[in-house]
Amino acid sequence: MNELAMSLPRFSGQEAIDVLPDVADLLFNEASQGLMLTDASARIVRVNKTFCRITGFASEEVIGKTPALFRSSQHPASFYEEMWQTISKQGCWQGEIWNRRRDHAIYRQWLKITEIKDQSGEVRFYLGMMQDLSEQPTRISHSFDFIHYDRLTGLGSREMLINRFPQALAQSKATRTKLLILWIDASQLGHINEQYGLTIGDLVVRVQGLRLKKIIDEQDTLVRLYADDFVLLHQSRDACADMLCETILDVLRQPISLGDKQISCCASIGVACFPHDSDKRETLLNAAEMAVQDAKRRGGNCVAYYNPSDGQASVRRHQILRRLSQALVDDDDALHLFFQPKWSMNSRHLTGIEALIRWRDVELGDISPAEFIPIAEQSDLIIKLDRWVVLQLCKLLPNMRGQSRELPMLSINLSARHLCQPDLCDWLLSCLSAHGVRPCELELEITETALMDNEDKASEILVELKRQGFHIALDDFGSGYSSLSHLKNMPLDTVKIDRSLIQDLTCNNKACSIVKNLTAMVADLSLNLVVEGVETIEQHELLRQLGCQQSQGYLYARPMPMQELLALLAYPAWHFSTKRE
């Protein structure tokens with residue numbers, strides 16, 4: 001009998017039944033194997049002492065998170081996909097896996113994951129049991145290969161980069177050469193995975209790694225950090241990266257043939273330089289990462305060099321992303337809706353209401369949508385923002401209906417990223433149904449940019465939304481490259497003329513002619529027309545004479561909080577005044 005069993009008090013009958021939960025807790029905490037319990041969504045709910053010793057994480061650091069926190073990037077996405085398929089079919093999976101400790105060290109682990117079901121057969125929990133195999137004797141060379149080389153591409157791993165970076169810096173100092181750090185974002189892997197699947201995505205990354213390996217010098221260090229992000233350390237006397245970067249872009253933009261599929265990629269490269277930008281590894285890597293983000297913001301397929309003045313802007317972006325993510329979780333009124341009315345230019349009655357998101361953060365203060373929305377659009381955070389707006393609007397609708405006998409059309413903005421979500425239509429219908437809202441009560445405003453990014457996919461989703469009863473508006477028409485094919489091919493109800501076309505309307509004959517012809521064309525297509533950004537009486541009168549139907553702008557009303565909107569809806573004669581004070 002072991003010491004644990006001997007230390008337990010002896011009970012019998014009902015006393016033993018009562019003490020069982022305490023015994024289970026003791027056995028869980030004192031088990032020699034690492035134990036991790038997750039809920040059915042793979043969110044960690046409990047770990048034991050051995051787990052904390054093996055991983056280096058304290059329990060409070062992992063509770064509520066998923067096991068993805070421990071991934072080492074040594075396995076392709078298909079490995080985890082097959083693992084969960086096995087668990088789903090057989091109820092468990094076990095095998096060796098390479099995971100990451102809290103200090104980022106990579107180690108070999110034996111892991112068994114088992115489903116725990118309730119009496120109805122539904123999965124309630126998953127139990128993970130683990131052992132640290134690095135504590136057992138193993139072949140050193142085999143372990144070194146797994147840790148220092150990426151299994152998918154055969155290139156170096158993050159561990160190799162950490163080990164070689166000091167050597168590269170020392171060599172550059174000794175030889176008085178420059179060290180270029182190139183952060184290469186090789187493709188839009190997320191889109192490739194969504195369109196073709198994870199297996200094709202892994203093959204694309206493997207081909208890209210092989211192409212890069214062929215064009216670098218033997219003394220250079222090339223590693224795959226994760227996904228389709230690579231880092232190259234290259235020594236040069238003139239520190240001119242232009243030719244090298246152009247070669248890399250040329251190689252990566254070549255289509256990849258996989259069976260009957262031709263996959264095109266668009267790479268971005270960020271460049272930092274020792275000693276110009278820093279003499280520290282972490283600072284140089286951060287600088288290269290900031291530079292590649294700048295290249296991606298420019299549209300990709302280009303090179304961006306680190307600019308120290310971008311440092312503060314990068315810190316600001318990270319702050320906004322962090323605080324905005326927290327605001328979506330906390331639900332503490334930091335985010336709220338404002339509303340801007342739309343008006344009939346002839347009858348001066350209220351014809352629509354646009355819902356707009358506003359954010360006041362306790363740390364950062366009031367942040368303009370013009371600042372935080374573009375930052376959110378660079379990540380999937382914009383999808384959460386869009387859905388937050390829809391949900392809040394559904395919750396507020398009963399109050400609006402209570403103040404209005406005939407509530408005008410409500411409109412919301414959808415980002416380009418949202419049109420790539422396969423569950424968009426189902427989610428919208430589910431959310432509206434849960435709150436008693438009909439699709440015909442909502443108008444979805446889509447920018448032209450959203451259509452241009454993936455026109456075929458966007459058209460398919462918009463057709464389905466239209467079929468379900470939603471109204472579709474084309475927003476910001478005329479703000480950039482405007483294609484008349486969108487008016488012809490897309491299932492639109494409304495076109496919104498961007499404010500940039502009417503800023504100098506009263507003093508520019510060409511602008512006036514453009515608006516006049518657009519108005520006639522939209523009318524011929526039997527579409528509604530809304531003009532944005534009307535700020536003066538002169539603009540209003542001229543637009544009305546040109547035949548414009550509806551307008552929106554500061555002349556009539558600025559975006560207003562809910563209470564002001566309710567007061568507006570309660571007013572028996574909805575109208576605005578354009579009389580001069």
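Index from 1, following the sequence. Reckoned from all heavy atoms, side chains included, excluding hydrogens, waters and symmetry mates.
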Take Leu474 and Met490 through the side-chain contact (heavy atoms from CB on, under 4.5 Å) test and state the conclusion after the steps.
-> CA-CA 9 Å; Leu474 181 61; Met490 293 295 173; over 6 Å; no

For the residue pair [X] and [Y], confirm or rule out a side-chain donor-acceptor distance under 3.5 Å.
X: Ser172; Y: Gln235; value: yes
X: Asp242; Y: Tyr305; value: yes
X: His418; Y: Arg387; value: yes
X: Ser411; Y: Glu445; value: yes
X: Glu289; Y: Gln293; value: no
X: Asn413; Y: Glu354; value: yes

side-chain contact (heavy atoms from CB on, under 4.5 Å) involving Lys65 - partner list, sequence neighbours excluded = Leu69

For Phe165, check ring-ring contact (aromatic ring centres under 6.0 Å, His included) against everything at least two apart and list the hits.
-> none

Answer yes or no for Arg101 and Phe70: cation-pi contact, defined as NZ/CZ to six-membered ring centre under 6.0 Å and angle to ring axis within 45°.
->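 Judged by the rule (NZ or CZ under 6.0 Å from the ring centre, within 45° of its axis), Arg101 is not positioned above Phe70.
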
Does a side-chain heavy-atom distance below 4.5 Å link [X] with [Y]?
X: Ile446; Y: Leu419; value: yes
X: Arg43; Y: Thr66; value: yes
X: Arg499; Y: Leu501; value: no

Are the charged groups of Arg164 and Glu159 less than 4.0 angstrom apart, N to O?
->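 Glu159 and Arg164: not salt-bridged.
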
Look at Glu363 together with Arg322 and state whether they make a salt bridge at an N to O cut-off of under 4.0 Å.
->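 Judged by the 4.0 Å cut-off on N to carboxylate O distance, Glu363 and Arg322 do form a salt bridge.
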
Evaluate the ring-ring contact (aromatic ring centres under 6.0 Å, His included) criterion for residues Phe51 and Phe57: first the C-alpha distance (whole Å), next the side-chain angles of each, then the deciding distance (0.1 Å), finally the verdict.
-> CA-CA 8 Å; Phe51 170 94; Phe57 286 91; 7.6 Å; no

Under the criterion side-chain contact (heavy atoms from CB on, under 4.5 Å), which of Gln109, Arg108, Arg71 is the partner of Trp98?
-> Arg108

Which donor-acceptor pairs under 3.5 Å do the side chains of residues 211-224 make with protein atoms, sequence neighbours left out?
residue, atom, partner, partner atom, Å
Arg211, NH1, Val251, O, 3.4
Arg211, NH1, Gln254, O, 2.9
Arg211, NH2, Pro255, O, 3.2
Asp220, OD1, His234, ND1, 3.2
Asp220, OD2, Asp217, N, 3.4
Asp220, OD2, His234, ND1, 2.9
Arg224, NE, Ala227, O, 2.8
Arg224, NH1, Asp150, OD1, 2.9
Arg224, NH1, Asp150, OD2, 3.3
Arg224, NH2, Ala227, O, 3.2

Keeping the roles fixed (side chain from Arg100, backbone from Ile106), state whether a donor-acceptor pair exists under 3.5 Å.
->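 Flag not set: sc Arg100 to bb Ile106 has no pair under 3.5 Å.
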
Dump the intermediate steps for ring-ring contact (aromatic ring centres under 6.0 Å, His included) on Trp359 and Phe372, then the final yes or no.
-> CA-CA 9 Å; Trp359 178 28; Phe372 72 80; 5.5 Å; yes

List the steps and the verdict of ring-ring contact (aromatic ring centres under 6.0 Å, His included) for Tyr126 and Trp84.
-> CA-CA 11 Å; Tyr126 293 100; Trp84 283 104; 5.2 Å; yes

So does Arg298 have more than 12 non-hydrogen atoms from other groups sitting under 6.0 Å from CZ?
->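 Check passes, neighbour count above 12.
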
